[in-house]
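Some notes on the structure that comes next.
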2 protein chains.
Amino acid sequence: MTNVETASHHTARGMATRARIVAAAADLMFAAGVAATSLDQVLAASGTSKSQLYHYFAGKDDLVLAVIRRQTERVLAAQEPHLRQLDSIAGLLRWREGVIDLQRLHDCVGGCPIGSLAAELSASPVPRALLAESFQRWGSYLIAGFTAMAGRGELAPGTDPADLAVAVLSAVQGGALLTKTTRSTRPLELALDMAIEHVRRQMR
Amino acid sequence: MTNVETASHHTARGMATRARIVAAAADLMFAAGVAATSLDQVLAASGTSKSQLYHYFAGKDDLVLAVIRRQTERVLAAQEPHLRQLDSIAGLLRWREGVIDLQRLHDCVGGCPIGSLAAELSASPVPRALLAESFQRWGSYLIAGFTAMAGRGELAPGTDPADLAVAVLSAVQGGALLTKTTRSTRPLELALDMAIEHVRRQMR
DNA sequence: GCAAGAGTGGACCGTCAAGTCCAGTTCGCC
DNA sequence: GGCGAACTGGACTTGACGGTCCACTCTTGC
């Protein structure tokens, strides 16, 4: 009954309300963290009431799962223009700019929405599994690009696109964490430079 | 009056009590996060009472600062055998093993103690500043190693040891985050491999 | 047009968190 | 040994939080 993305029993108005709740929760949790965000804050920010929240979600934990899904979609959507062209150094460099611009947009506050959720929630099994899946989805775009490069014979034989993707993602996450701690885009820039150099090094 | 590491007004017994509180808090917060750890849990785990905690700390925020300091010391101490020999690829590889073993020791739960605190606390100015300092201290060991390499002419001219250190630290943090999310040491291994390759690339 | 059920508002409750307070004990020092 | 300060125990206050409940209003399908 809860946690339904598609309109099974829900009307258009209901879905809109649900979406408003998730959007408000995602913003607040991005800014302050999951634990530091109360349901009352979410209700105030979304202009809804307790009964509505519990009409659409089983509880806070369930809402958090919806937030994870939403943030995953948003992160991927924000990179969408670049994600499908990660099959060349030029494409990776364009993606690099996009990722860094995104951090600048938020003044280096909050870091990576997915990464922040992962840091806070990966002690709990269910959110952790969902977040692992989010990373995997993100990584799949990198893997697709690297696989295309390998298919064109641009990658040294024996290079595993999946391993390469994990390394690059690690660089993004670590760079984003240091960026939000130091309030400077520099760490993210350096980490991404390293990662792209790493890819280039596998080329031949 | 609070937050005194050295024995200004405190007796040996008092300092021991204080240390027990910080130790218990650090362990609990490492396992579950800062927000998810209550003072009552800390008291129970340390065998102390409310009045003692508030005798040594101004409040939870103040206790958290002490926890940051303690975890920083612990992380650096755990790497101590390797930290002073980061001036060669061989030294970096030994350090790599140490870092990975540490994650294995905790079954990939919790990630990097400093990184986890940074992810949760870098929205608040005071903890954030302290954590930035912790990263800088950590990085200073890397910088020392790279500077020694540069002094021996092993690094390509124009290579900035500080930039190199930030990139390597980013890899560790990102690798640790993915490691705790996927419950596998693989991401950390791949990230560290990439980072060390990155250093090697700046050589000669 | 009229049920049935989706959607809504907000009062209410139990719990547990941080933080306060005070009375009592131990310690360090003269 | 005795005085003051450090130290300790735990009852207590206050408030916020997640969660429940019920009365009420819209929407929709027939």
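Because the structure is predicted, anything quoted here is derived from the model rather than measured. The figures here come from the full heavy-atom set of this structure, side chains too, leaving out hydrogens, waters and symmetry mates.
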Just the rounded figure in Å: distance from [atom2] of [N] to [atom1] of [X].
X	N	atom1	atom2	value
A:L39	D:dG19	CG	C1'	9 Å
A:F57	C:dT8	CZ	P	12 Å
B:L53	D:dA6	CG	P	18 Å
A:K60	C:dC16	NZ	C1'	14 Å
B:D62	C:dG19	CG	P	10 Å
A:L43	D:dG19	CG	P	12 Å

key: A:S49 side-chain proximity, nearest of D:dG18, D:dT8, C:dT8   =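 In terms of side-chain proximity for A:S49, the closest of D:dG18, D:dT8, C:dT8 is C:dT8.
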
query = Which listed nucleotide (D:dG19, C:dT8, D:dC7) is nearest to the side chain of B:Y56?
reply =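 Side chain of B:Y56 sits closest to D:dC7.
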
Closest-nucleotide 5' rank along DNA chain D - winner of A:D40 and B:Q52 =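 Whichever sits nearer the 5' end wins; that is B:Q52.
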
ask   = Ion pair present between B:R70 and B:E73, side-chain N to carboxylate O less than 4.0 angstrom?
value =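 No.
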
Side-chain donor-acceptor pairs under 3.5 Å in residues 142-152 of chain B, sequence neighbours left out?
| residue | atom | partner | partner atom | Å |
| --- | --- | --- | --- | --- |
| B:T147 | OG1 | B:I143 | O | 2.6 |
| B:R152 | NE | B:E154 | OE2 | 2.8 |
| B:R152 | NH1 | B:D87 | OD2 | 3.4 |
| B:R152 | NH2 | B:D87 | O | 2.7 |
| B:R152 | NH2 | B:E154 | OE1 | 3.2 |
| B:R152 | NH2 | B:E154 | OE2 | 3.4 |

query = Which residues pass the ring-ring contact (aromatic ring centres under 6.0 Å, His included) test with B:Y141, sequence neighbours left out?
reply =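 By the ring-ring contact (aromatic ring centres under 6.0 Å, His included) rule, B:Y141 matches no residue at all.
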
query = Just to confirm, is there a sub-4.0 Å distance from OP1 or OP2 of C:dA6 to any side-chain nitrogen or oxygen of A:H10?
reply =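 No, because none of the side-chain N or O atoms of A:H10 sits under 4.0 Å from OP1 or OP2 of C:dA6.
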
key: Any A:H55 side-chain N or O less than 4.0 Å from OP1/OP2 of C:dA6   =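 Checking C:dA6 against A:H55, no side-chain N or O comes under 4.0 Å of OP1 or OP2.
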
For residues 97-107 of chain B, dump all side-chain donor-acceptor pairs below 3.5 Å to protein atoms at least two apart in sequence or in another chain.
| residue | atom | partner | partner atom | Å |
| --- | --- | --- | --- | --- |
| B:D101 | OD1 | B:R104 | NH2 | 3.4 |
| B:Q103 | NE2 | B:G111 | O | 3.2 |

ask   = Who are the side chain to side chain donor-acceptor pair (under 3.5 Å) partners of A:S124, not counting sequence neighbours?
value =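 By the side chain to side chain donor-acceptor pair (under 3.5 Å) rule, A:S124 matches no residue at all.
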
ask   = So, B:H198 versus B:R201: side-chain donor-acceptor pair below 3.5 Å or not?
value =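 The criterion, which ignores hydrogens and geometry beyond distance, is satisfied for B:R201 and B:H198.
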
request  = Scan nucleotides 21-30 of chain C nucleotide by nucleotide, 5' to 3', and note B when protein non-hydrogen atoms come under 4.0 Å of the base, S if they reach only the sugar-phosphate, - if neither.
outcome  = B----SS---

task = Please collect all side chain to side chain donor-acceptor pair (under 3.5 Å) contacts where either partner lies in residues 159-170 of chain B, sequence neighbours excluded, each pair once.
result =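 Passing the test, one end in residues 159-170 of chain B: A:R186-B:D163.
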
ask   = Quick one: on DNA chain C, does B:A35 or A:T48 contact a more 5' nucleotide (nearest heavy atom)?
value =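 The residue mapped nearer the 5' terminus is A:T48.
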
